[in-house]
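This report concerns only the one structure given below.
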Amino acid sequence: MRKPDWYCDEVIPKLIAVDVVRETDEVLAFRPPIPGFGADHVIVVPKLHVPSLLELGPELSIELLGVVQDVARDVIDEHGGCQVLTSLGDEQHNRHLHVHIAAGEGVARFVSTSDAER
Ligand SMILES: [Zn+2]
């Protein structure tokens with residue numbers, strides 16, 4: 001049985017209200033109803049089901065990355081910086097490729113140690 005896929009089941013068919021940030025024929029960028037991490041959180045997904053970054057083809061890569069770049073520029077303008085992140089393997093909880101663009105309180109931070117600072 002197929003695992004629940006929030007993106008294909010609810011977000012992309014627009015059965016749930018999300019704040020759409022950008023949309024192309026193939027790609028949707030939106031703010032989820034509750035930010036998953038970061039004070040500002042945008043998620044970018046291909047509209048067709050792609051399981052992860054590892055299965056993303058070259059043409060859709062260009063379109064998806066272009067949307068990520070556009071959104072990230074806006075987020076940087078607003079917040080000064082952001083993180084762009086996608087998870088793979090056991091760290092990927094929803095098996096539909098999704099790229100997080102996150103800014104502000106709650107983003108992942110390096111733990112500063114003397115070794116890490118070298
Ligand atoms: Zn999907």
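Every number for a ligand or one of its atoms is a count from 1 in the order of the listing. Predicted model, so just to flag it, every value in this text is computed and none were measured.
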Check the orientation of His96 and Tyr7. Use parallel for under 30°, tilted for 30 to 60°, and perpendicular for over 60°.
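Because their plane-to-plane angle lies in the 30° to 60° range, the rings of His96 and Tyr7 count as tilted.
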Residue pairs, two or more places apart or on separate chains, that pass side-chain hydrogen bond (donor to acceptor under 3.5 Å, both in side chains) and touch residues 78-91
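Qualifying pairs: Asp40-His79.
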Taking only residues two or more places apart in sequence or in another chain, which ones pass side-chain contact (heavy atoms from CB on, under 4.5 Å) with Leu54?
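Leu54: side-chain contact (heavy atoms from CB on, under 4.5 Å) contacts with Ser52, Leu88.
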Do His41 and His100 come close enough that some side-chain heavy atom pair is under 4.5 Å?
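Yes - at least one pair of side-chain heavy atoms lies under 4.5 Å apart.
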Considering just N/O/S atoms, say which atom of His49 is closest to the Zn ion (ligand 1).
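The atom in question is ND1.
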So which of the N, O or S atoms of Asp5 lies nearest the Zn ion (ligand 1)?
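The Asp5 atom nearest to the Zn ion (ligand 1), restricting to N, O or S, is OD2.
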What do you get for the angle at the Zn ion (ligand 1) between ND1 on His96 and SG on Cys8, to the nearest 10 degrees?
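ND1 of His96, the Zn ion (ligand 1) and SG of Cys8 span an angle of about 100°.
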Do any of the N, O or S atoms of Asp9 sit under 2.8 Å from the Zn ion (ligand 1)?
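Given the 2.8 Å cut-off, Asp9 does not count as a ligand of the Zn ion (ligand 1).
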